[in-house]
There are 2 protein chains.
Amino acid sequence: MPSTPDTALHDNAARPSRREQILRAAAQLFAERGARAVGVDDVGAAVGVTGPAIYRHFASKDAMLAEMLLRISERLLAGSAEVVAAAGDDAAAQLRALIAFQVEFALDNPALITVQDRDLGVLSEPDARRVRQVQRRYVEEWVAVLARLHPEAPTAACRARAHALFGLINSTPHSAGRLARPAMARLLTGMAEAAATAPIC
Amino acid sequence: MPSTPDTALHDNAARPSRREQILRAAAQLFAERGARAVGVDDVGAAVGVTGPAIYRHFASKDAMLAEMLLRISERLLAGSAEVVAAAGDDAAAQLRALIAFQVEFALDNPALITVQDRDLGVLSEPDARRVRQVQRRYVEEWVAVLARLHPEAPTAACRARAHALFGLINSTPHSAGRLARPAMARLLTGMAEAAATAPIC
DNA sequence: CGCTCAGGTTAACCGCTGTTCACATCCGGG
DNA sequence: CCCGGATGTGAACAGCGGTTAACCTGAGCG
């Protein structure tokens with residue numbers, strides 16, 4: 001094994017290296033057909049290379065998926081932390097910021113959204129654990145804000161509400177492209193804010 | 001081929017025949033690990049039988065999945081039609097009925113929800129087309145009601161809104177069991193109604 | 001010039017899993 | 001009592017797809 005090519009600490013993301021090309025193409029293919037249904041030959045062909053060439057850049061197909069999912073989660077977590085911090089102390093403003101952020105991400109990356117919650121199950125247990133851990137932290141970011149908005153609600157209710165909001169916003173892959181992007185963004189934002197602030201009844 | 005066992009027109013669903021046992025067990029396994037990840041041996045073992053025995057009841061693994069998905073869609077479509085008809089002419093009442101129906105289904109069958117939108121892609125194209133056709137009719141049921149509630153909104157917006165509501169309600173598999181069922185039902189219903197009636201902004 | 005190393009290629013391997021086959025077994029009816 | 005159909009079993013088959021091995025090329029460089 002020549003110096004473990006999967007650690008990926010060596011190269012910045014400035015120009016799209018072969019590695020990055022592969023990751024992007026794979027995300028697209030995985031989203032369309034499901035990770036198990038696309039072969040390494042397919043991924044290779046998508047970047048103009050034969051299948052086994054992939055192993056010069058990733059230790060295995062699973063490692064590729066793992067890195068892909070981990071990056072998504074980390075991107076979401078980092079973005080949400082930044083956006084909440086920039087929103088000051090107002091819980092309502094923080095919520096609006098989180099919603100706007102998630103809507104933008106879901107509209108920009110429907111493929112990643114799809115892969116993220118369809119193919120988590122194909123990861124090895126250690127890899128899956130790592131991804132879930134980051135995801136959990138992202139959810140808790142939302143739960144904290146929702147808890148301040150609904151002081152009387154139990155934490156479990158806030159967590160369920162957060163998941164429901166994710167489901168709402170992450171519906172973008174299902175209603176693809178039928179509506180212009182700005183209209184879609186307004187619609188999802190409006191619905192999410194209404195659902196997030198609805199009383200518990 | 002002994003008289004095409006997959007047509008399933010011969011037996012009512014009164015007592016859980018072997019066929020029904022298999023379908024139920026398979027739904028559970030498919031939901032947990034994904035349809036491609038479970039083998040026929042797994043399904044067989046789940047009902048106390050070896051793998052190849054499945055072929056006495058289904059023409060293939062794919063046929064099994066196809067029947068499962070088709071049934072889900074048909075159940076939803078039939079239920080929604082009935083519930084809307086029973087709600088009279090008030091669009092708001094129809095919406096509440098649809099939401100209550102979908103919430104109940106999602107809470108009762110999280111496994112089916114999961115399989116439905118994760119494994120549609122593994123079906124053969126003809127089978128997938130059949131399932132999508134029924135799904136489309138279900139969506140249109142919602143769109144019709146939403147269109148009456150938002151007369152000024154374009155149809156595409158109503159369709160996107162319907163998909164967003166499905167995403168919200170179908171989040172049950174992700175927030176499994178943490179909250180008591182009645183509380184969960186109230187929460188989802190309240191959020192969905194708020195999101196469904198939110199103005200377009 | 002010749003060495004090294006990154007990145008590719010083709011061919012082969014091999015394990016897994018859907019499917020089939022030939023053979024039991026059980027049971028209801030003539 | 002024996003026959004036939006439904007149901008199940010274990011063994012074998014076959015194809016697919018991830019992974020590896022052996023070999024090639026071209027660029028940088030002392």
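Quick caveat: nothing in here was measured; it's all calculated off a predicted structure.
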### Query
Does A:R71 come within less than 4.0 Å of A:E67, counting only side-chain N to carboxylate O?
yes

### Query
Taking NZ, NE, NH1 and NH2 as the nitrogens, is one of them in A:R132 or A:E125 under 4.0 Å from a carboxylate oxygen of the other?
yes

### Rounded distance in Å - CZ (B:F58) to P (C:dG18)
15 Å

### Query
Would you say D:dG8 has OP1 or OP2 under 4.0 Å from some side-chain N or O of B:R18?
yes

### Query
Could you give the CD1-to-P distance, from A:I54 to D:dT19, as a whole number of Å?
11 Å

## Note on the structure
For A:S73 and A:Q116, the nearest pair of non-hydrogen atoms, with its separation, is OG-NE2, 3.6 Å

### Gap between atoms CG and P, on B:L65 and C:dT19 respectively (whole Å)
12 Å

### Query
In terms of side-chain heavy atoms of A:H57, which of D:dT19, C:dG8, D:dT9 is nearest?
C:dG8

#### Entry: 5' priority, DNA chain C, between B:V38 and A:V49 [closest heavy atom]
A:V49

### Task
Ignoring the backbone of A:R56, work out which of C:dG18, C:dG8, D:dT19 is nearest its side chain.
C:dG8

### Summary
The residue, A:G51 or B:A37, whose nearest nucleotide of DNA chain C is more 5′ is A:G51

## Note on the structure
Side-chain atoms of B:P52 come closest, of C:dT10, D:dT19, D:dG10, to D:dG10

### Query
Between B:K61 (NZ) and C:dC16 (P), how many Å, whole number?
15 Å

### Query
Where the side chain of B:V40 is concerned, which of D:dG18, C:dT9, C:dG18 is the nearest nucleotide?
C:dG18

### Message
If I take atom CZ in residue A:R36 and atom C1' in nucleotide C:dG18, what distance separates them, rounded to the nearest angstrom?
### Response
14 Å

### Task
Provide, to the nearest angstrom, the distance between the CZ atom belonging to B:F30 and the P atom belonging to C:dT17.
13 Å

### Query
Are B:R75 and B:E104 within salt-bridge range, i.e. N to O under 4.0 Å?
no

### Summary
Between CZ of B:R33 and C1' of C:dT17 the distance, given in whole Å, is 14 Å

#### Entry: B:E82 CD: over 12 foreign heavy atoms closer than 6.0 Å
no

### Message
Using whole Å, what does the distance between atom P of nucleotide D:dT9 and atom CG of B:D41 come to?
### Response
11 Å

#### Entry: Of the listed nucleotides D:dT9, C:dT19, D:dG18, the one nearest the side chain of B:T50
D:dT9

